[in-house]
Amino acid sequence: MIEQDISLKPYNTFGLNSVARYFSKANSIESVREILQSSIAQQSRLLVLGGGSNLLLTQDYDGLVLKNDIPGKKIIEQTEKSVVVEVGGGENWHEFVLWTLENGLGGLENLSLIPGNVGASPMQNIGAYGVEIKDRFVELNAYHIPSGEVHTFSKDDCEFGYRESVFKRKLKGEYMICSVKYALSLDHEFNISYGAIEQELEAMNVSELSIQAVSNAVINIRRSKLPDPKEIGNSGSFFKNPVVPTSLANKLKDRHPNMPSYPAGENRTKLAAGWLIEQAGWKGYRKGDYGVHAKQALVLVNYGDATGQQIYNLSQEILDSVKEKFDVELEREVNIIR
Ligand code: EPU
């Protein structure tokens with residue numbers, strides 16, 4: 001069924017009140033096909049929506065919004081040490097992570113509490129606290145919108161990078177991700193080298209490491225820094241951490257010895273966008289109903305009735321001021337929808 005003039009407010013974590021001319025939900029590949037082959041779909045531009053946690057709607061959407069609601073979580077292969085699971089693109093990411101923990105499956109615990117749905121996880125190779133989904137990815141099935149065929153993508157086919165994949169680059173807008181397979185462990189190796197996790201585990205008095213304990217530590221850290229979209233509209237990190245020539249990073253370090261930086265390949269250094277934005281004076285900035293989160297400057301927020309265009313304009317002001325102060329070009333991580 002295709003509905004008309006539907007507010008997208010419940011479907012985007014920024015809580016923006018854009019109206020979709022047409023709106024539909026699909027809970028199977030067959031229903032995706034049926035909707036996309038309808039005459040409305042043939043005549044409209046298309047926006048495929050997952051959990052709505054990585055987009056900024058700058059105005060009403062004069063086209064068809066198709067929400068991916070494809071469900072399913074199952075173990076499809078098991079050996080002594082590892083398990084392959086298959087999960088529907090419409091499943092909520094964090095609920096999926098909790099399900100892996102309940103089943104004793106390790107590998108995704110560092111990615112607890114990331115907003116959004118499973119279908120978007122490979123799209124932008126979601127990551128946090130030293131882990132990215134590409135570390136556990138096996139393959140995915142995706143609906144090819146122009147042909148109506150379902151194609152399988154291996155890890156190489158996905159061309160994963162930092163918050164990047166082929167689906168954000170050369171295949172942008174061509175596929176809807178229906179299901180993803182992840183390889184998880186029964187014999188856990190923990191990844192707690194990311195500073196804050198060890199400290200949090202200590203503060204929690206954890207004596208024996210477990211995937212559950214690491215997940216709880218990550219949840220505590222995220223809750224302490226990142227706003228809950230149910231309370232304050234936001235889309236997580238609005239910008240990517242910029243990778244710059246090491247010569248520029250060294251010049252900045254001379255001026256700002258405390259600036260965080262991380263090696264990122266030959267002659268490349270990754271900087272912390274949150275630090276740059278904070279130094280440019282934006283942390284905690286608020287005008288009307290929009291602003292920059294007070295505890296994490298990478299996160300732009302909607303306190304109620306902000307518009308997407310206001311938030312977009314703020315992001316441009318931030319880009320300009322970081323460029324002027326540090327000669328660093330930030331890049332938006334969030335998809336801008338016009
Ligand atoms: N920092 C500041 N001020 C700020 C924010 C950060 O000085 O307002 C400094 C911190 O003190 C730290 C450094 O910047 O030295 C890095 O900060 P943090 O560890 O909080 O991580 P991040 O680089 O800001 C990235 C991801 C997050 C992810 C965390 C943890 C990106 C764009 N963001 O943030 O991902 O949760 O690391 O792994 O890579 C997301 O993508 O939506 C997201 C929240």
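Heavy atoms only: backbone and side chains are in, while hydrogens, waters and symmetry mates are out. Note that the structure is a prediction, hence the values are computed from the model and not measured. In each ligand, atom 1 is the first atom listed, and ligand 1 is the first ligand listed.
Glu86 and Ser179 are linked by a side-chain donor-acceptor pair at a separation below 3.5 angstrom, with hydrogens and angles left out of the test. In summary, the side chains of Ser18 and Asp60 do not present any donor paired with an acceptor at a separation below 3.5 Å, with no hydrogens or angles considered. For Tyr182 and Ser121, the side-chain atoms include at least one donor-acceptor pair closer than 3.5 Å. Under 3.5 Å, the side chains of Ser247 and Asn250 contain no donor-acceptor pair of N or O atoms. Looking at Ser7 and Asn17, their side chains do bring a donor and an acceptor atom within 3.5 Å of each other.
For Ser237, heavy-atom contacts with ligand 1 shorter than 4.0 Å involve the backbone as well as the side chain. Here Gln296 has heavy atoms under 4.0 Å from ligand 1 in both its backbone and its side chain.
Between the choices Glu278, Met259, Arg163, the shortest heavy-atom distance to atom 26 (C) of ligand 1 belongs to Arg163. Residue nearest to atom 21 (O) of ligand 1, selected from Tyr194, Phe239, Tyr129: Tyr194 (by heavy-atom distance). Which of Phe238, Tyr262, Trp275, Tyr162 comes nearest to atom 7 (O) of ligand 1 through a heavy atom is settled by distance: it is Trp275.
Here the rule is salt bridge (charged side-chain N to carboxylate O under 4.0 Å, His left out) with Lys240, and of Glu164, Glu333, Glu329 only Glu164 fits it.
Backbone and side-chain nitrogen or oxygen atoms of Ala272 are examined, and none is located within less than 3.5 angstrom of a nitrogen or oxygen of ligand 1. Between Asn241 and ligand 1, a contact under 3.5 Å exists for at least one N or O pair. Considering backbone and side-chain N/O of Lys240, none are found under 3.5 Å from N/O of ligand 1.
In the vicinity of Ala297, heavy-atom distances shorter than 4.0 Å reach the ligand 1 atoms 4 (C), 8 (O). Close approach to Glu333 involves these atoms of ligand 1, each under 4.0 Å from a residue heavy atom: 32 (C), 41 (O).
Not a single donor-acceptor pair under 3.5 Å links the side chain of Glu231 to the backbone N or O of Asp228.
Note on ligand 1: His293 sits outside its first shell, no heavy atom being nearer than 4.0 Å. For the ligand labelled ligand 1, residue Gln279 lies outside the 4.0 Å heavy-atom shell.
Judged by the 6.0 Å and 45° rule, Arg222 forms no cation-pi pair with Tyr129.
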